[in-house]
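Counting convention: from 1, in listed order, for ligands and their atoms alike. Position 1 is the first residue of the sequence; numbering continues from there. Just so it is clear, the structure is predicted and the values come from calculations on it, not from any experiment.
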Amino acid sequence: MLTGKQIVIGVTGGIAAYRAAELVRLFVKAGAQVHVVMTSAATEFVTPLTFQTLSGNPVHIDLFNLISEREIGHITLADRADVIVVAPCTANLVGKIASGLADNLLTTTIMATRAPVLLVPAMNSNMWDNPIYQSNQARLVEWGYHFVEPVSGLLACGWQGKGKMAEPEDVFEETVRLLAPADLAGETILMTAGPTREELDPVRYLSNYSSGKMGYALARAARRRGARVILVSGPTCLEPPGGVTFIKVTSAEQMRKAVLENLSQCSVVIKAAAVADYRPAERAMRKIKKGKQEQMQLNLVKNPDILAEIGKAKKGQLVVGFAAETHDLEAHALRKLESKDLDLIVANDVSRPQAGFEVDTNLVRLYYRNGESEQWPLMNKFEVADRLLDCVIRLRCSTPVQREEGQ
Ligand code: PMT
């Protein structure tokens with residue numbers, strides 16, 4: 001995902017310095033070349049050898065190291081970086097950058113770069129609240145520096161409050177977002193993901209095997225590419241991607257309400273959720289007890305077809321559906337494309353072991369309104385998501401959206 005990207009990671013002197021090691025590992029795993037620059041205070045917390053081992057590259061500390069100056073130097077580091085991430089970032093470093101100070105290798109590199117700079121502060125909660133710090137951060141935001149703000153929790157100093165460094169996974173995600181093309185900026189995309197659960201009694205429900213992986217991959221990819229994302233999700237075990245508006249639902253009725261309420265502010269809708277077509281006609285208030293009878297009949301009633309309703313209610317939105325099929329893939333997919341008035345349908349043959357529900361990969365065939373279709377090879381769901389968003393961009397170029405008054 002980050003193959004070919006050069007990432008400079010600055011580590012400053014705070015107890016959270018050890019968490020930068022995890023961040024380096026995540027970037028290296030994603031294929032990036034990582035160059036670590038430590039302040040001398042940071043070396044009091046973690047040894048440079050840790051970062052050298054994890055990054056596979058020499059660690060830079062001194063501004064006036066003769067070998068570094070000849071072979072790399074702060075200007076070379078600054079030029080080479082696709083992005084600079086400082087994690088953890090002390091109040092001192094934020095203050096220095098805001099004051100234009102360049103008195104060590106890290107501040108000099110930051111001053112000299114044209115790459116985006118992402119600062120990940122971690123500090124005592126009183127320092128965080130200090131108006132001097134806040135005004136320094138606000139100035140940097142104004143100048144185009146990016147931040148992943150600290151979270152609340154028990155701090156190393158024993159205080160409880162805001163100041164704990166954000167999770168390395170969230171910093172990774174934000175960095176990927178900064179590096180991705182912002183080709184979906186300006187779009188608001190409504191995604192649905194996961195299964196719905198249709199309750200039978202307080203302890204039982206009807207549902208399906210959807211894990212939410214496909215829909216969450218789409219939400220993450222769209223967010224990375226600059227879209228505003230509203231993710232309406234049935235119950236899953238997944239963490240919602242950072243930066244998306246997350247609406248958690250359980251039943252098809254709840255999903256319908258959330259989708260229709262948000263439809264008018266969206267330019268694109270992608271429905272990867274596996275919605276139950278039927279629900280129990282009645283939900284028992286108490287647990288249904290086992291009786292003497294050998295058989296039992298359940299009365300089911302039809303759920304609303306949310307996608308078909310969107311097809312009727314849409315005002316210029318581009319609408320993409322998914323079709324989960326076990327047989328006659330093409331015939332079923334084409335019927336759904338037509339009857340739900342979709343622009344595009346992504347059909348997956350869920351009888352294939354590496355496609356559809358629960359697995360990390362998918363094998364899909366796309367059917368367009370103009371009769372065209374494309375078969376894609378087996379891919380990771382993240383790759384499917386990115387490629388599908390490329391199709392959305394192509395289609396959007398020819399589909400103007402009519403927003404409702406006041407939106
Ligand atoms: O979540 P994962 O484990 O990653 O699995 C991914 C997936 C298999 C769930 C996904 O790739 C997929 O195929 N999603 C659609 C599943 C589905 O419900 O297909 P369908 O053929 O039954 O429905 C067709 C379309 O109508 C879907 O976009 C569905 O969201 C929508 N629909 C269906 C019924 C209904 N009552 N309302 C709807 O909006």
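- Here the straight-line distance linking atom NZ of Lys381 with atom OH of Tyr216 works out to 13.0 Å at 0.5 Å rounding.
- Sparse packing is recorded around CD1 of Ile132, with 12 or fewer heavy atoms of other residues, nucleotides or ligands lying under 6.0 Å away.
- Checking side-chain atoms of Thr12 against main-chain N and O of Pro88 turns up a donor-acceptor pair under 3.5 Å.
- The protein atom (non-hydrogen) at minimum distance from atom 26 (O) of ligand 1 is Lys340 NZ, 3.0 Å.
- Counting only distance, with no hydrogens or angles, the side chain of Thr361 and the backbone of Ala355 share no donor-acceptor pair below 3.5 Å.
- Near Ala323, the atoms of ligand 1 lying under 4.0 angstrom from a non-hydrogen atom of the residue are 21 (O).
- The N/O atoms of Pro304, backbone and side chain alike, include one that comes under 3.5 Å of an N/O atom in ligand 1.
- When every heavy atom of Leu389 is checked against every heavy atom of Ile270, the shortest pair comes out as CD2-CD1, 4.1 Å.
- Listed by number with element, the atoms of ligand 1 under 4.0 angstrom from any heavy atom of Asp305 are 35 (C), 36 (N), 37 (N), 38 (C), 39 (O).
- Judged purely by atom type and a 3.5 angstrom limit, Ser267 uses its side chain to pair as donor or acceptor with the backbone of Thr188.
- When the options Lys336, Lys271, Lys302 are ranked by their closest heavy atom to atom 21 (O) of ligand 1, first place goes to Lys336.
- When every heavy atom of Pro48 is checked against every heavy atom of Ile61, the shortest pair comes out as CG-CD1, 3.6 Å.
- Environment of CD in Glu239: sparse, with no more than 12 heavy atoms of neighbouring residues, nucleotides or ligands closer than 6.0 Å.
- Residue contacts with ligand 1: Lys381 is included, with a non-hydrogen atom under 4.0 Å away.
- In the vicinity of Met214, heavy-atom distances shorter than 4.0 Å reach the ligand 1 atoms 4 (O), 6 (C), 11 (O).
- Ligand-side atoms of ligand 1 in range of Ala273: 14 (N), 15 (C), 16 (C), 17 (C), 18 (O), 29 (C), 30 (O), range being under 4.0 angstrom from any heavy atom.
- For atom 24 (C) of ligand 1, the nearest protein heavy atom (residue, atom name, distance) is Phe322 O, 2.9 Å.
- Heavy-atom minimum distance, Glu198 versus Tyr278: CG-O, 3.7 Å.
- Comparing heavy-atom distances from atom 9 (C) of ligand 1 across Gly212, Ala252, Ala272, Ala324 singles out Ala272 as nearest.
- Neither the backbone nor the side chain of His332 has any atom closer than 4.0 Å to an atom of ligand 1 (non-hydrogen atoms only).
- Remark: minimum distance from atom 37 (N) of ligand 1 to any protein heavy atom is reached at Ile306 N, 3.1 Å.
- What sits closest to atom 13 (O) of ligand 1 on the protein, heavy atoms only, is Asn348 ND2, 2.9 Å.
- Under a 4.0 Å criterion applied to the non-hydrogen atoms of Gly356, ligand 1 contributes the atoms 5 (O), 6 (C), 8 (C).
- Heavy atoms of Glu358 found under 4.0 angstrom from ligand 1 belong exclusively to the backbone.
- Atom 1 (O) of ligand 1 has as its closest protein heavy atom Ser210 OG, 2.6 Å.
- For ligand 1, the atoms closer than 4.0 angstrom to any heavy atom of Asn362 are 11 (O).
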Note to self: Set out, in order, the CA-CA distance, both residues' side-chain angles and the distance that settles side chain to side chain donor-acceptor pair (under 3.5 Å) for Gln33 and Arg80, then state yes or no.
What the structure shows: CA-CA 10 Å; Gln33 272 294 328; Arg80 172 187 284 184; over 6 Å; no

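- Open room surrounds NZ on Lys257; 12 or fewer heavy atoms of other groups in view lie less than 6.0 Å from it.
- An N or O contact shorter than 3.5 Å is missing between Gly321 and ligand 1 by distance.
- Remark: minimum distance from atom 2 (P) of ligand 1 to any protein heavy atom is reached at Ser211 OG, 3.4 Å.
- If you take CZ on Arg223 and OG1 on Thr245, they are separated by 9.0 Å, rounding to the nearest 0.5 Å.
- Annotation for Arg352: atom CZ does not count as buried by contact number, only 12 or fewer foreign heavy atoms lying within 6.0 Å.
- Between Ala274 and ligand 1, a contact under 3.5 Å exists for no N or O pair.
- Of all non-hydrogen atoms in Ala20 and Val11, the two that sit nearest each other are CB-CG2, 3.9 Å.
- Ligand 1 has a nitrogen or oxygen under 3.5 angstrom from a nitrogen or oxygen of Lys213.
- In Val275, the parts holding a heavy atom less than 4.0 Å from any atom of ligand 1 are both the side chain and the backbone.
- Atom 34 (C) of ligand 1 has Asp277 OD1, 3.3 Å as its closest protein atom, hydrogens excluded (heavy atom only).
- Remark: ligand 1 and Val350 share no N or O pair separated by less than 3.5 Å (distance only, no angle test).
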